[in-house]
Trainee: 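Please read through the structure below; I'll follow up with questions.
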Number of protein chains: 2
Amino acid sequence: MRILDAATSLFERQGAHGTTIRQIADAARVNSQLIYYYFGDKAGLFRAMLQRAAERVGALLANMQRAEGTPRERLFSFVSDWVRVTLAEASTIRILHRALLEGDENFGAEVKAYSVTHAAAISALIEEGIESGDFRADLDPRRAVASLVGMVQYLALAEPILIAPKSVRPSETEEMAKHTAELFVRGLIAAR
Amino acid sequence: MRILDAATSLFERQGAHGTTIRQIADAARVNSQLIYYYFGDKAGLFRAMLQRAAERVGALLANMQRAEGTPRERLFSFVSDWVRVTLAEASTIRILHRALLEGDENFGAEVKAYSVTHAAAISALIEEGIESGDFRADLDPRRAVASLVGMVQYLALAEPILIAPKSVRPSETEEMAKHTAELFVRGLIAAR
DNA sequence: GTCTATAATCAGATAGAC
DNA sequence: GTCTATCTGATTATAGAC
């Protein structure tokens, strides 16, 4: 829908407080009253916009295929898939971070719950690797997860900061996925 | 100054658009007109507030002592120091990220320039390690820097999201510094 | 330097015609 | 469903007394 697209684009750049109903209406080339007709009020519009964003990323993450093999192989595959999804949906991920930052009360809880589940899955995979002897015994899985989340998520956040958006070519995505997975997994494995 | 402290605290939670002059005046327990007297207008206030924040972090980063030893040892020391600074000034760092996100035009350029210099220093250290044979020859230093920046910076951003602020005890800081440095350096070193 | 108005603007939201 | 007109409240900012 044009209204949600316009709201998304403006919210990404300006946040909810910085974006007016009229800006959105102009960008979507509709009358501003149509927004009230569909969404009730400004909060309702952003709720719908964020829900769409969360579903989009949630679906992609849920569809990441569970690989076979050793914990090390599965982790490598998991991380590189995650980087691919993150770069492909960088804009959407920025929006979700922004929403968390702006402290959208009840919405935040939903995304946080999702993040915790996701983090727990990675943590379990790491613990498995520690028990199998693949990974270092001195690792704290929780800390390792925190590092990984940062490494991956910051790619989306940094895109307009450190990296020029244009510079993310398809081949770059693939190389970044491989690089990140390699770096992280090597950081975990037990010294031979 | 009380006004800048209040502005900082409110900006961190609500952003510039979400924070009113009166909220700041009330929090600082001064008359709202005093803010115009000192800073001219709202933009001037936030400019002064951000400048103070940038100087604070900039000074801490500039004072990080340059260690001696192999690239590997220096990098370890550099990363663990950086994590310490980041966790100690997490709140200030969040503010700078928030300012970049909100797109404060000329301010953004300043912080970006600083980040680029910082990134170049790390990149040079990694290149040195590659040449000396300490680090993997297949590494792209630019990508490695991106991963490191994410791993470190996200600690500050995630504090209110993934990690409960209270949970960052002093000993945690030290362990997180060691963990991050260890993880990153191990990810870089050449297989034996 | 600090206060009390108050002007000027802007944004969210509603009413009601078509 | 879509438009114009308008209300209401909040917010930035100024004027001017003390």
Side-chain angles (χ1 to χ4, degrees), chain A residues 1-54 94-110, chain B residues 1-54 94-96 98-108 110:
Chain A
M1 196 200 241
R2 282 225 309 285
I3 292 175
L4 285 178
D5 290 341
T8 302
S9 154
L10 285 163
F11 176 79
E12 183 185 352
R13 282 175 288 159
Q14 310 176 338
H17 280 122
T19 304
T20 70
I21 293 278
R22 284 183 176 109
Q23 275 183 314
I24 296 168
D26 287 352
R29 283 178 307 174
V30 300
N31 187 283
S32 66
Q33 304 324 309
L34 192 61
I35 293 175
Y36 290 101
Y37 181 77
Y38 279 128
F39 301 103
D41 59 7
K42 193 182 178 180
L45 166 62
F46 281 118
R47 219 176 303 126
M49 187 271 285
L50 289 173
Q51 196 177 329
R52 196 179 65 153
R94 272 199 296 281
I95 284 160
L96 296 178
H97 271 93
R98 183 143 206 167
L100 284 175
L101 203 64
E102 303 218 336
D104 195 305
E105 312 81 35
N106 25 22
F107 163 75
E110 202 180 315
Chain B
M1 195 199 240
R2 283 225 308 285
I3 293 174
L4 285 178
D5 290 341
T8 302
S9 153
L10 284 163
F11 176 79
E12 183 186 352
R13 280 176 288 158
Q14 309 177 338
H17 280 121
T19 305
T20 71
I21 294 278
R22 278 182 201 150
Q23 275 183 313
I24 296 167
D26 287 352
R29 282 179 307 175
V30 299
N31 187 284
S32 67
Q33 305 323 307
L34 192 61
I35 293 175
Y36 290 102
Y37 181 76
Y38 279 128
F39 301 102
D41 60 6
K42 192 181 178 180
L45 165 62
F46 281 118
R47 221 178 300 126
M49 186 273 284
L50 289 174
Q51 196 176 330
R52 195 178 66 152
R94 271 199 297 279
I95 285 160
L96 295 177
R98 184 145 204 166
L100 284 175
L101 205 62
E102 303 219 336
D104 195 305
E105 312 81 33
N106 25 23
F107 163 75
E110 202 180 316

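Sequence lines set the chain letters: A, B, ... in the order given, protein chains first and strands last, and positions in each chain run from 1.
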Trainee: Is there a side-chain contact between A:Met49 and A:Ile95, using heavy atoms and a 4.5 Å cut-off?
Mentor: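 Result yes, sub-4.5 Å side-chain heavy-atom pair found.
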Trainee: Between B:Ile21 and B:Ile35, which heavy-atom pair has the shortest distance, and what is it?
Mentor: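 Closest approach of B:Ile21 to B:Ile35: O-CD1, 3.8 Å.
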Trainee: Under 4.0 Å from any heavy atom of chain B: name the first and the last nucleotide of DNA chain D that qualifies, 5' to 3'.
Mentor: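 Contact span on the strand: D:dT11 to D:dT14.
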Trainee: Is there a donor-acceptor pair under 3.5 Å between the side chain of B:Thr8 and the backbone N or O of B:Leu4?
Mentor: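 At least one qualifying donor-acceptor pair exists.
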Trainee: Using whole Å, what does the distance between atom C1' of nucleotide C:dT14 and atom NZ of A:Lys42 come to?
Mentor: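 Going from NZ in A:Lys42 over to C1' in C:dT14 covers 17 Å.
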Trainee: Across the strands shown, which category fits B:Phe39 at heavy-atom distances under 4.0 angstrom: base, sugar-phosphate, nothing?
Mentor: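 No contact.
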Trainee: Just how far, in rounded Å, is C1' of C:dT14 from CG of A:Leu34?
Mentor: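 That distance rounds to 15 Å.
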Trainee: Within the side chain of B:Glu102, is there an N or O that forms a donor-acceptor pair under 3.5 Å with the backbone of B:Ala16?
Mentor: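 Yes, because the side chain of B:Glu102 sits within donor-acceptor range (under 3.5 Å) of the backbone of B:Ala16.
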Trainee: Would you confirm whether A:Arg29, through its side chain, and A:Arg2, through its main-chain N or O, come within 3.5 Å as a donor-acceptor pair?
Mentor: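 Between the backbone of A:Arg2 and the side chain of A:Arg29 there is no qualifying donor-acceptor contact (under 3.5 Å).
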Trainee: In whole Å, what is the span from the CD atom of B:Gln33 to the C1' atom of C:dT6?
Mentor: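 Nearest whole value for this atom pair: 11 Å.
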Trainee: Do the side chains of B:Tyr37 and B:Asn31 get nearer than 4.5 Å, heavy atoms only?
Mentor: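 Counting from C-beta outward, B:Asn31 and B:Tyr37 never come under 4.5 Å.
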Trainee: Which sits closer to the 5' end of DNA chain D, A:Arg22 or A:Val30, going by the nucleotide each is nearest to?
Mentor: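 The answer here is A:Val30.
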